[in-house]
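Chain letters run A, B, ... following the sequence lines, proteins first and then strands; every chain starts at 1.
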Protein chains: 2
Amino acid sequence: MKILIIEDDLSFQEILRSTLEQERYVVEVAPDYRTGLIKLSDYTYDCILLDINLPDGNGLNLLRELKEMKKTGSLIIISARDSIEDKVEGLDLGADDYLAKPFHLAELLSRIKSVMRRNNQGGEQYVSYGNVKVNPHTFEVWVGEAKVELSRKEFDFLLYFMQRPNRIVSKSMLAESIWGDHFDDVDNYDFIYAQIKNLRKRLTAWNASIEIASVYGMGYKLIEN
Amino acid sequence: MKILIIEDDLSFQEILRSTLEQERYVVEVAPDYRTGLIKLSDYTYDCILLDINLPDGNGLNLLRELKEMKKTGSLIIISARDSIEDKVEGLDLGADDYLAKPFHLAELLSRIKSVMRRNNQGGEQYVSYGNVKVNPHTFEVWVGEAKVELSRKEFDFLLYFMQRPNRIVSKSMLAESIWGDHFDDVDNYDFIYAQIKNLRKRLTAWNASIEIASVYGMGYKLIEN
DNA sequence: CTTCGATGATGAGGATTTTCATGGTTTTAG
DNA sequence: CTAAAACCATGAAAATCCTCATCATCGAAG
């Protein structure tokens with residue numbers, strides 16, 4: 001699940017980010033209107049946390065633009081002012097929920113979950129890149145129209161890459177995310193090499209339009225070819 | 001890691017609990033002084049979150065008693081009043097940190113981590129039950145004086161049980177905790193049966209003084225024999 | 001341009017994890 | 001008390017995962 005935080009208070013942004021990442025969300029941040037809009041046109045997010053008061057414009061405008069772009073995904077408004085007008089206007093413009101600062105982080109987490117649950121009704125959520133499509137809930141994978149099979153760890157790897165297309169993913173990030181706490185600075189990445197090898201074999205066998213490129217000394221990157 | 005929350009505001013207690021559980025801590029709660037004291041004499045916790053204002057006594061007294069009991073583990077004071085006197089007195093009495101309400105949950109989480117890290121210096125932390133001792137960080141296990149070997153999943157199971165001695169553990173809890181998100185209401189518990197079987201074989205081979213008892217229709221329970 | 005150290009890839013083998021088929025227990029209903 | 005159903009245990013086979021040894025590739029220094 002991928003979440004975009006649009007929030008100009010950097011320390012608060014950081015608190016949100018670390019909390020959400022601990023919840024295993026994939027998080028990106030934008031400090032202002034402009035950056036937020038760019039990210040939104042480039043990527044698709046499962047949920048957007050939008051602060052109304054931005055340095056370079058009112059968040060409600062961004063909401064209007066989003067509507068025109070016909071982007072899917074949930075949106076929760078975060079606002080310092082608990083004004084009824086803002087709330088009503090925001091919800092009218094298509095926001096899914098409204099949260100006034102200050103709030104408990106647990107409250108935010110439960111709102112995120114409920115909003116995403118609500119929006120998921122009747123339409124499954126997928127992660128797509130190239131001709132590959134992944135359903136994070138059912139662990140199904142399609143290449144083009146054909147459903148394909150892979151093992152659990154292979155799925156974990158693939159999903160992790162699919163959620164970060166075109167970005168460099170370090171081996172320690174992979175290890176951390178796939179093996180979780182069971183991983184304290186190991187100096188041996190053999191099992192990552194092994195999994196990457198297997199996943200690459202799958203991708204070519206499937207005729208997928210994506211591949212895992214090595215970035216020497218840095219890690220790997222999922223690219224379209 | 002096991003945490004005890006002593007806090008009378010039940011809704012706040014609940015927020016803390018869910019947050020900490022999402023962080024994979026094992027959480028127990030006590031709504032007042034008396035209950036807290038009972039739990040503390042029965043079990044050992046890695047960290048205690050103590051509210052100063054309790055309905056049946058001042059939390060600082062509990063701190064004094066704890067000191068006499070020579071209990072290990074970290075303690076963080078939570079207080080509605082941000083008074084310097086309380087803070088100084090609390091820290092004098094051996095508290096490891098002091099947090100004034102309201103606070104961000106992310107703040108609490110980082111305090112917990114830093115406090116536990118600090119207290120862990122020079123003395124490893126173990127989970128013990130019967131003649132079995134487990135180090136959650138290094139994944140080492142001892143039975144009596146002898147170090148023993150087991151596989152990763154067996155370790156996961158053992159640790160999960162060791163953190164909840166004498167409590168019934170359901171199969172869905174086990175599945176959830178060991179396989180994480182990769183687990184949506186599966187109707188097949190064969191792999192749990194298999195792991196339990198292997199772990200039991202280990203325990204008897206080691207001459208451990210503990211065993212995994214079945215609780216028909218409920219799950220399993222780690223008991224001393 | 002060559003060499004060397006560091007980094008990454010690969011096939012094979014062994015260990016672990018999961019599934020499957022079967023049989024034994026416990027509970028409940030009759 | 002008996003039978004049926006749900007629940008649990010177990011050995012063996014299959015699938016997956018991780019390690020090891022070896023080889024290939026990359027980048028920096030000379």
Separation between CD of Gln195(A) and CZ of Arg200(A), rounded to the nearest 0.5 Å:
12.5 Å
Can you confirm whether the side chains of Tyr129(A) and Asn166(A) place a donor and an acceptor under 3.5 Å from each other?
yes
Checking Tyr33(B) against Glu65(B): is there a side-chain donor and acceptor pair closer than 3.5 Å?
yes
Select base, sugar-phosphate, or nothing to describe what Phe157(B) touches, counting heavy atoms under 4.0 Å on all strands.
nothing
Distance check: side-chain N/O of [X] vs OP1/OP2 of [N], anything under 4.0 Å?
X: Tyr193(B); N: dC8(D); result: yes
X: Tyr216(A); N: dA28(D); result: no
X: Ser214(A); N: dA9(C); result: yes

Do the charged groups of Glu145(B) and Lys133(B) touch, with an N to O distance under 4.0 Å?
no
Does this structure show an ion pair linking Lys2(A) with Asp46(A), if we count only N-O contacts that are shorter than 4.0 Å?
no
If a protein heavy atom is under 4.0 Å from the base, mark B; if only from the sugar-phosphate, S; if neither, -; do that for nucleotides 11-22 of chain D going 5' to 3'.
B----SSSBB--
Could you check how far [atom1] of [X] sits from [atom2] of [N], rounded to whole Å?
X: Lys221(A); N: dG8(C); atom1: NZ; atom2: P; answer: 15 Å
X: Leu199(B); N: dC8(D); atom1: CG; atom2: C1'; answer: 16 Å
X: Ile196(A); N: dG11(C); atom1: CD1; atom2: C1'; answer: 17 Å

Shortest non-hydrogen contact from Asn207(B) to Asn131(B)?
O-ND2, 3.4 Å
Below 3.5 Å, does any donor atom in the side chain of Tyr189(A) face an acceptor in the base of dA9(C), or the other way round?
no
